[in-house]
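Working notes, structure below.
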Amino acid sequence: MTSTITCFGEILWDVLPTSKQPGGAPMNVAADLRNFGINAQLISRVGSDELGRELLEFLDQKGLPLNLVQVGQTHLTGVAKANISDSNEVTYKIVQPVAWDYIQLEPELLNVVRNSDFFVYGSLAARSQQTHDTLMALLAVAPRKVFDVNLRAPHFNRGIVEELLSQATIVKLNEHELVELASWYGDENDLHRAMHQLRSHYKLDKLIVTLGEHGAVLLDQAGLHSQVGFSVDVADTIGSGDAFLAAFLYQTIQGASPQKTLEFACATGSYVATQSGATPAFSQETIVADILSASAI
């Protein structure tokens with residue numbers, strides 16, 4: 001595991017009608033990267049409560065190091081109440097404030113991020129001043145910055161999202177988020193033109209838009225690359241977008257072509273949608289055998 005990717009932000013419990021599951025996009029991405037053998041790590045914060053202890057146990061089981069996950073005494077571990085009545089569009093009620101709203105800037109974090117190949121972050125963790133300030137300090141030393149936009153109303157505002165976009169090297173968002181952002185700059189309603197507009201405005205290396213069951217589109221210096229979705233039996237879509245991003249970064253590190261990278265990322269997101277929960281175990285071989293090879297038949 002020679003490449004290192006550091007993910008930053010929320011770690012929490014997704015509370016479902018009949019159970020609870022570990023969640024938070026940064027944690028999901030880090031766990032999925034570990035499935036591919038990438039040296040992924042997570043900067044976050046939990047409370048010194050039973051839910052926090054259970055999350056630390058889960059991270060340990062996933063092979064994620066615990067030394068960058070702070071344990072606070074003053075705030076409870078994060079919780080999000082998930083509504084899965086629509087299996088293709090899960091919605092959340094995210095409790096505030098919680099432990100990950102208070103991630104502290106510890107000196108070792110600057111060295112960790114400075115020495116990472118990629119630094120992955122989202123908009124949700126920037127909802128609080130403390131974690132926002134820590135994030136901005138880490139972005140100042142990060143070599144390659146991956147912004148997983150992940151808009152969660154009412155936990156974002158235009159000013160902060162634009163601030164985070166201005167820092168990014170790579171941006172990943174879904175089609176609904178692209179529509180939201182495009183409306184800030186003239187309400188461009190053509191997908192490809194909106195992507196060109198956003199990439200140009202923020203001088204991004206890569207802009208990725210996921211389209212759910214319909215696949216994804218990538219815009220980079222070579223132009224547009226499109227991948228149709230894979231037909232699968234959906235268990236739930238929790239974590240599919242996170243798995244997509246993990247696979248995209250894994251293939252990028254491997255030096256795969258943009259088209260192959262996009263195809264593999266879509267296949268990985270599709271595979272996770274066939275499984276219950278956000279972070280099922282899988283490998284590159286799983287994705288090839290269960291999705292890519294099956295779709296070629």
- Message: Tell me whether R127 forms a cation-pi arrangement with Y102, defined as NZ or CZ under 6.0 Å from the six-membered ring centre and within 45 degrees of its axis.
- Response: no

- Smallest separation among heavy atoms of S44 and I11, with atom names: OG-CG2, 2.8 Å

- Item | K260 side chain reached by H225 side chain, heavy atoms, under 4.5 Å | no

- Query: Side chains of V69 and I43: does their closest heavy-atom pair fall under 4.5 Å?
  - Reply: no

- Report yes or no: do V272 and V228 belong to one cluster of Ile/Leu/Val/Met/Phe/Trp/Tyr joined by side chain heavy-atom distances under 4.5 Å? no

- Message: Using the ring centroid of each side chain, check whether F264 and F248 are separated by less than 6.0 Å.
- Response: no

- Main-chain N/O of W100 paired with Q70 side-chain donor or acceptor, under 3.5 Å: no

- Query: Could you give the distance from CD (Q251) to CD1 (I287), rounded to the nearest 0.5 Å?
  - Reply: 10.5 Å

- Would E175 and H214 count as having a side-chain donor-acceptor pair, cut-off 3.5 Å? no

- Message: Hydrogens and angles aside, do D101 and H75 bring a side-chain donor and acceptor to less than 3.5 Å of each other?
- Response: no

- Query: Are any of the side-chain heavy atoms of H176 and L151 separated by less than 4.5 Å?
  - Reply: no

- Message: Determine whether a donor-acceptor pair (N or O, by modelled atom type, separation under 3.5 Å) exists between the side chain of D233 and the backbone of T274.
- Response: no

- Write down the atom of Q41, the atom of P65, and the distance for their closest heavy-atom approach. CB-CG, 3.8 Å

- Query: Taking all non-hydrogen atoms of both residues, which atom of S270 and which atom of V232 are closest, and how far apart?
  - Reply: O-CG2, 3.8 Å

- Query: Counting only N and O atoms by type, is there a donor-acceptor contact under 3.5 Å from the side chain of D220 to the main-chain atoms of G223?
  - Reply: yes

- Query: Do Q167 and Y121 have side-chain N/O donor and acceptor atoms under 3.5 Å apart?
  - Reply: no

- Return yes if a side-chain donor-acceptor contact under 3.5 Å exists between T286 and S283, otherwise no. yes

- Task: Give the cluster check for V79 versus V98: same hydrophobic cluster or not, with ILVMFWY residues linked at side-chain heavy-atom distances below 4.5 Å.
- Result: yes

- Which pair of non-hydrogen atoms, one from G269 and one from S240, has the smallest distance, and what is that distance? O-OG, 3.3 Å

- The complete set of side-chain hydrogen bond (donor to acceptor under 3.5 Å, both in side chains) pairs with one or both residues in residues 103-112, sequence neighbours excluded, reads N111-R114

- Would a distance-only check, ignoring hydrogens and angles, find a side-chain to backbone donor-acceptor pair under 3.5 Å from T4 to S116? no

- Can you find a pair of side-chain heavy atoms, one from T268 and one from F36, that are under 4.5 Å apart? yes

- Are T169 and V146 close enough that some pair of their side-chain heavy atoms sits under 4.5 Å apart? no

- Task: Could you grab the distance from atom CG of N174 to atom CG of D148, nearest 0.5 Å is fine?
- Result: 9.5 Å

- Item | Side chains of V71 and R45 in contact at under 4.5 Å (non-hydrogen atoms) | no

- Message: For V120 and I5: C-alpha separation, side-chain torsions, deciding distance, then whether side chain to side chain contact (heavy atoms under 4.5 Å, CB included) applies.
- Response: CA-CA 7 Å; V120 180; I5 297 180; 3.8 Å; yes

- Taken to the nearest 0.5 Å, the spacing of L249 CG from D117 CG works out to 10.5 Å

- Message: Rounded at 0.5 Å granularity, tell me how far OG in S200 sits from CG in L198.
- Response: 9.5 Å

- CG (L245) and CD1 (I208) are apart, to the nearest 0.5 Å, by 6.5 Å

- Query: Short question: side chain of K62, backbone of T279 - any donor-acceptor pair under 3.5 Å?
  - Reply: yes

- Closest non-hydrogen atom pair, C7 against P26: CB-O, 3.5 Å

- Message: When you group the ILVMFWY residues by side-chain heavy-atom contacts below 4.5 Å and let the links chain together, are F8 and I160 in the same group?
- Response: yes

- Task: Could you tell me whether a side-chain N or O of T131 sits under 3.5 Å from a main-chain N or O of I103, the two making a donor and an acceptor?
- Result: yes

- Message: Looking at V46, is its backbone amide N or carbonyl O close enough to the side chain of T77 to form a donor-acceptor pair, meaning the two atoms are under 3.5 Å apart?
- Response: no

- Going only through I, L, V, M, F, W and Y residues with side-chain contacts under 4.5 Å, is there a path from I238 to F58? yes

- Query: Distance-only, no hydrogens or angles: does the W184 side chain make a donor-acceptor pair with backbone N or O of R158 under 3.5 Å?
  - Reply: no

- Task: Test side chain to side chain contact (heavy atoms under 4.5 Å, CB included) on V149 and F147 and set out the steps.
- Result: CA-CA 6 Å; V149 175; F147 182 23; 3.8 Å; yes

- N/O donor-acceptor pair under 3.5 Å between D133 side chain and Q130 backbone: no

- Message: Side chains of L219 and K206, heavy atoms from C-beta outward: is any pair under 4.5 Å?
- Response: no

- Message: If I take atom NZ from residue K145 and atom CG from residue L135, how far apart are they, to the nearest 0.5 angstrom?
- Response: 10.0 Å

- Query: Can you hop from M136 to L138 via hydrophobic side chains spaced under 4.5 Å?
  - Reply: yes

- Note on the structure: Scanning both residues in full, the closest heavy-atom pair of A80 with L12 reads CB-CD1, 4.0 Å

- Query: Are L292 and E263 close enough, and set up right, to give a side chain to side chain contact (heavy atoms under 4.5 Å, CB included), and what steps lead you there?
  - Reply: CA-CA 9 Å; L292 292 173; E263 179 188 45; 3.7 Å; yes

- Query: When you look at L124 and I94, which way does the side chain to side chain contact (heavy atoms under 4.5 Å, CB included) test go after all the steps?
  - Reply: CA-CA 10 Å; L124 183 55; I94 304 168; 3.7 Å; yes

- Message: I'd like to know if the side chain of Q197 and the backbone of Y185 have a donor-acceptor N/O pair within less than 3.5 Å.
- Response: yes

- Side chains of L42 and L59: closer than 4.5 Å at any heavy-atom pair? yes

